[in-house]
Amino acid sequence: MKMNFNKRDPVYLQVIRHFKERIATGALLPGEEIPSRRELANSLKINPNTAQRAYKEMEEQGLIKTEGNLPSKITNDPDILASVRSELIRDAVDNFIAAIKPIHVPIDEVITLLKEKYEKDEI
C-alpha cells in the first residue's frame with residue numbers, strides 16, 4: 001500500500017480517507033480482509049498508534065469490522081458503503097465551491113466548464 005501524506009491533515013485522517021477512496025472505487029471489496037494495524041504501520045511507515053487510531057475510527061464509523069483476534073474486514077453493509085461514495089463526492093464539491101465562489105464565476109459558466117473537463121477527462 002502506498003500513500004503520499006500531506007502536511008496539513010492528521011495522518012490518521014488521511015489513512016481513513018485512503019481506505020474510503022479505495023472502497024468507493026472498488027479497490028477494496030465488501031468483506032475483504034485488510035492489513036493488520038502493525039502491517040499497515042510498517043507498509044506506510046507510520047507510528048503503530050496512528051494506524052490503531054485510524055482503525056478505531058473506521059470501526060466506529062462502521063467501515064470495518066473486527067471480531068476477536070480475526071483480521072479486520074471491510075463492512076458488508078450496503079448503506080455504509082453507499083454513504084462512503086456520497087461523502088467523498090460531497091467533500092469534493094464543497095472544496096470546489098469554496099475555491100470557485102470567491103472568484104464570482106456565474107454558475108452557468110461553472111457548469112459548462114465542468115461538463116467540458118469531465119467529458120474530456122483532462123485531469
Side-chain angles (χ1 to χ4, degrees):
M1 186 179 299
K2 297 259 183 187
M3 281 186 65
N4 293 320
F5 296 105
N6 68 50
K7 301 252 188 238
R8 42 174 213 278
D9 300 319
V11 172
Y12 84 97
L13 291 177
Q14 293 179 64
V15 170
I16 294 169
R17 180 168 180 85
H18 179 74
F19 272 90
K20 287 180 176 181
E21 288 170 351
R22 294 189 67 209
I23 291 168
T25 61
L28 286 174
L29 301 173
E32 185 174 339
E33 286 185 12
I34 58 175
S36 72
R37 287 144 177 83
R38 183 169 293 151
E39 290 169 338
L40 181 75
N42 286 336
S43 70
L44 296 179
K45 296 183 179 23
I46 61 174
N47 187 302
N49 292 331
T50 302
Q52 171 62 26
R53 186 169 182 187
Y55 275 45
K56 182 178 184 293
E57 181 70 27
M58 289 191 291
E59 285 173 346
E60 289 174 0
Q61 292 177 19
L63 290 174
I64 64 172
K65 302 275 185 208
T66 307
E67 296 177 12
N69 286 334
L70 298 174
S72 298
K73 296 181 179 182
I74 301 299
T75 185
N76 287 311
D77 185 326
D79 293 333
I80 291 174
L81 295 170
S83 73
V84 167
R85 184 175 180 277
S86 295
E87 176 189 336
L88 292 174
I89 292 168
R90 272 193 315 278
D91 287 349
V93 169
D94 288 347
N95 290 334
F96 174 74
I97 289 171
I100 198 79
K101 207 165 190 177
I103 304 170
H104 303 291
V105 179
I107 189 69
D108 293 339
E109 186 178 346
V110 170
I111 292 170
T112 300
L113 288 169
L114 277 172
K115 283 182 181 179
E116 288 173 6
K117 287 281 190 185
Y118 193 84
E119 289 169 358
K120 288 181 182 177
D121 195 30
E122 292 181 357
I123 297 176

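Scope of the values below: all heavy atoms of this structure, side chains included, with no hydrogens, waters or symmetry mates.
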Q. Hey, quick one: are Leu113 and Phe96 part of the same hydrophobic cluster, counting side-chain heavy atoms closer than 4.5 Å, chains of contacts allowed?
A.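 Each belongs to a different hydrophobic cluster.
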Q | Connected via hydrophobic side-chain network under 4.5 Å: Met3 and Ile34 | A |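 Met3 and Ile34: one cluster.
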Find out whether [X] and [Y] are in side-chain contact, i.e. whether some heavy atom of one side chain is under 4.5 Å from a heavy atom of the other.
X: Gln61; Y: Lys20; value: yes
X: Leu63; Y: Phe19; value: no
X: Lys65; Y: Glu59; value: no
X: Glu39; Y: Ser43; value: no

(Q) Between Lys120 and Glu116 (salt bridge meaning N to carboxylate O under 4.0 Å), is one present in this structure? (A)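 The answer is no: the pair does not qualify as a salt bridge.
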**Q.** Carboxylate-amine/guanidinium proximity below 4.0 Å for Glu21 and Arg17
**A.**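 Judged by the 4.0 Å cut-off on N to carboxylate O distance, Glu21 and Arg17 do form a salt bridge.
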Q.
Once side-chain hydrogen bond (donor to acceptor under 3.5 Å, both in side chains) is applied, do any residues pair with Glu109, and if so which ones, sequence neighbours excluded?
A.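 Counting only residues at least two positions away or on another chain, Glu109 forms no side-chain hydrogen bond (donor to acceptor under 3.5 Å, both in side chains).
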**Q.** Residues which pass side-chain hydrogen bond (donor to acceptor under 3.5 Å, both in side chains) with Thr50, listed by chain and number, not counting sequence neighbours
**A.**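 Per chain and number, Thr50 pairs via side-chain hydrogen bond (donor to acceptor under 3.5 Å, both in side chains) with no residue.
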Ignoring hydrogens and angles, write down the donor-acceptor pairs under 3.5 Å from the side chains of residues 68-77, residues two or more places apart or on other chains.
residue : atom : partner : partner atom : Å
Ser72   : OG   : Arg37   : NH1          : 3.3
Ser72   : OG   : Thr66   : OG1          : 2.5
Thr75   : OG1  : Asp77   : N            : 3.0
Asn76   : OD1  : Gly31   : N            : 3.2
Asp77   : OD1  : Asp79   : N            : 2.8
Asp77   : OD1  : Ile80   : N            : 3.3

Return the [atom1] to [atom2] distance between [X] and [Y], rounded to the nearest 0.5 Å.
X: Asp9; Y: Ile16; atom1: CG; atom2: CD1; result: 11.5 Å
X: Leu29; Y: Arg22; atom1: CG; atom2: CZ; result: 10.0 Å
X: Phe5; Y: His18; atom1: CZ; atom2: NE2; result: 8.5 Å
X: Arg90; Y: Ser83; atom1: CZ; atom2: OG; result: 8.0 Å
X: Asp94; Y: Ile89; atom1: CG; atom2: CD1; result: 12.0 Å
X: Lys2; Y: Leu44; atom1: NZ; atom2: CG; result: 10.0 Å

**Q.** Considering all heavy atoms, the nearest Pro48-Ala41 contact
**A.**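 In this case the closest contact between Pro48 and Ala41 is CA-CB, 3.8 Å.
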Q. How close do Ile97 and Pro102 get, heavy atom to heavy atom, and via which atoms?
A.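 In terms of heavy atoms, the two residues are closest at O-CD, 4.3 Å.
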Q) Between Lys56 and Glu60, does a salt bridge (Lys or Arg N to Asp or Glu O under 4.0 Å) hold up when you go through it step by step? A) CA-CA 6 Å; Lys56 182 178 184 293; Glu60 289 174 0; 2.6 Å; yes
(Q) Apply side chain to side chain contact (heavy atoms under 4.5 Å, CB included) to residues Tyr12 and Tyr55 and explain how you reach the verdict. (A) CA-CA 9 Å; Tyr12 84 97; Tyr55 275 45; over 6 Å; no
Q: Count the heavy atoms of every other residue, nucleotide or ligand shown that sit under 6.0 Å from CZ of Arg53, and state whether that count exceeds 12.
A: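 Counting neighbours around CZ of Arg53, 12 or fewer heavy atoms of other residues, nucleotides or ligands fall under 6.0 Å, so no.
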